[in-house]
Novice: 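Structure below; questions to follow.
Sequence positions, counted from 1, serve as the residue numbers for this chain. What you see below is based on every heavy atom in this structure, not just the backbone, and it leaves out hydrogens, waters and symmetry mates.
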Amino acid sequence: RRGREITIYVEYLQPSCLDAIMECCSRRGIKVTDVEITSRSGEGFSRTCAVLSLLSRKGAPQDTALSEIRAIEGVLVLQRV
């Protein structure tokens with residue numbers, strides 16, 4: 001079971017990115033078990049960060065989902081933590 005659980009850190013530009021991330025996980029059979037969202041802004045920029053705990057169902061390809069999340073327009077950073 002341990003290998004099926006991962007935590008990711010994501011920075012993105014707009015709330016619709018989080019919606020797209022959640023949809024991607026759902027499509028790939030990955031359950032989002034926890035989400036922590038933090039907004040950051042500074043001079044001339046605004047971005048939102050999220051830490052997501054993910055649980056892949058048996059046979060669900062995590063690496064494919066992570067690649068798809070990286071490709072979502074507006075996703076700036078994706079890291080496993």
Side-chain angles (χ1 to χ4, degrees):
R1 180 177 162 112
R2 181 179 298 208
R4 298 181 350 186
E5 297 176 19
I6 63 169
T7 302
I8 60 171
Y9 168 83
V10 184
E11 289 184 16
Y12 52 93
L13 293 175
Q14 62 263 1
S16 62
C17 293
L18 185 58
D19 294 336
I21 291 167
M22 302 294 259
E23 174 62 30
C24 177
C25 290
S26 176
R27 232 183 11 256
R28 289 288 174 187
I30 297 173
K31 181 179 180 181
V32 179
T33 59
D34 190 32
V35 179
E36 294 181 35
I37 301 170
T38 305
S39 294
R40 297 183 350 191
S41 60
E43 196 170 313
F45 78 92
S46 177
R47 62 176 63 157
T48 304
C49 310
V51 175
L52 295 90
S53 297
L54 308 175
L55 177 63
S56 62
R57 297 184 184 121
K58 188 175 182 178
Q62 293 176 351
D63 291 337
T64 302
L66 296 180
S67 294
E68 287 184 17
I69 291 169
R70 278 189 186 95
I72 293 171
E73 186 175 339
V75 170
L76 305 171
V77 174
L78 184 142
Q79 298 175 342
R80 282 184 163 191
V81 291

Novice: With sequence neighbours left out, what residues match Q14 under side-chain contact (heavy atoms from CB on, under 4.5 Å)?
Specialist: S16, C17
Novice: Linking I/L/V/M/F/W/Y whenever any side-chain heavy atoms sit under 4.5 Å apart, do I72 and V51 land together?
Specialist: no
Novice: Are L13 and M22 grouped together when hydrophobic residues (ILVMFWY) are joined by side-chain heavy atoms under 4.5 angstrom apart?
Specialist: no
Novice: State which residues pass side-chain contact (heavy atoms from CB on, under 4.5 Å) with T64; sequence neighbours excluded, sorted by chain then number.
Specialist: R28, P61, E68
Novice: Partners of I37 by side-chain contact (heavy atoms from CB on, under 4.5 Å), sequence neighbours excluded?
Specialist: Y12, L18, V35, T48, A50
Novice: Enter the distance from T38:OG1 to E11:CD here, rounded to the nearest 0.5 Å.
Specialist: 10.5 Å
Novice: Among pairs that include at least one residue of residues 70-81, which meet salt bridge (Lys or Arg N to Asp or Glu O under 4.0 Å), considering only residues two or more places apart or in two chains?
Specialist: D63-R80
Novice: Do side-chain atoms of R4 reach the backbone of L55 as a donor and acceptor pair under 3.5 angstrom?
Specialist: no
Novice: Enter the distance from L78:CG to L66:CG here, rounded to the nearest 0.5 Å.
Specialist: 5.5 Å
Novice: Can you tell me which residue pairs pass the salt bridge (Lys or Arg N to Asp or Glu O under 4.0 Å) test with a partner in residues 29-38, sequence neighbours excluded?
Specialist: none
Novice: Could you tell me which residues satisfy side-chain contact (heavy atoms from CB on, under 4.5 Å) with S67, sequence neighbours excluded, listed by chain and number?
Specialist: none
Novice: Using atom types as modelled and distance alone, determine if a side-chain donor or acceptor of T33 lies under 3.5 Å from a backbone N or O of S53.
Specialist: yes
Novice: Under the criterion side chain to side chain contact (heavy atoms under 4.5 Å, CB included), I'd like the reasoning laid out for L54 against Q62: C-alpha separation, chi angles, the key distance, then a yes or no.
Specialist: CA-CA 9 Å; L54 308 175; Q62 293 176 351; over 6 Å; no
Novice: Quick one, C24 with I30, criterion side chain to side chain contact (heavy atoms under 4.5 Å, CB included). Give me CA distance, side-chain angles, the key distance, then yes/no.
Specialist: CA-CA 8 Å; C24 177; I30 297 173; over 6 Å; no
Novice: If hydrophobic clusters are built by linking Ile, Leu, Val, Met, Phe, Trp and Tyr wherever their side-chain heavy atoms come under 4.5 Å apart, do Y9 and L76 end up in the same one?
Specialist: yes
Novice: Using the side-chain contact (heavy atoms from CB on, under 4.5 Å) rule, pick out the option among V81, T7, I21 that qualifies with L52.
Specialist: I21
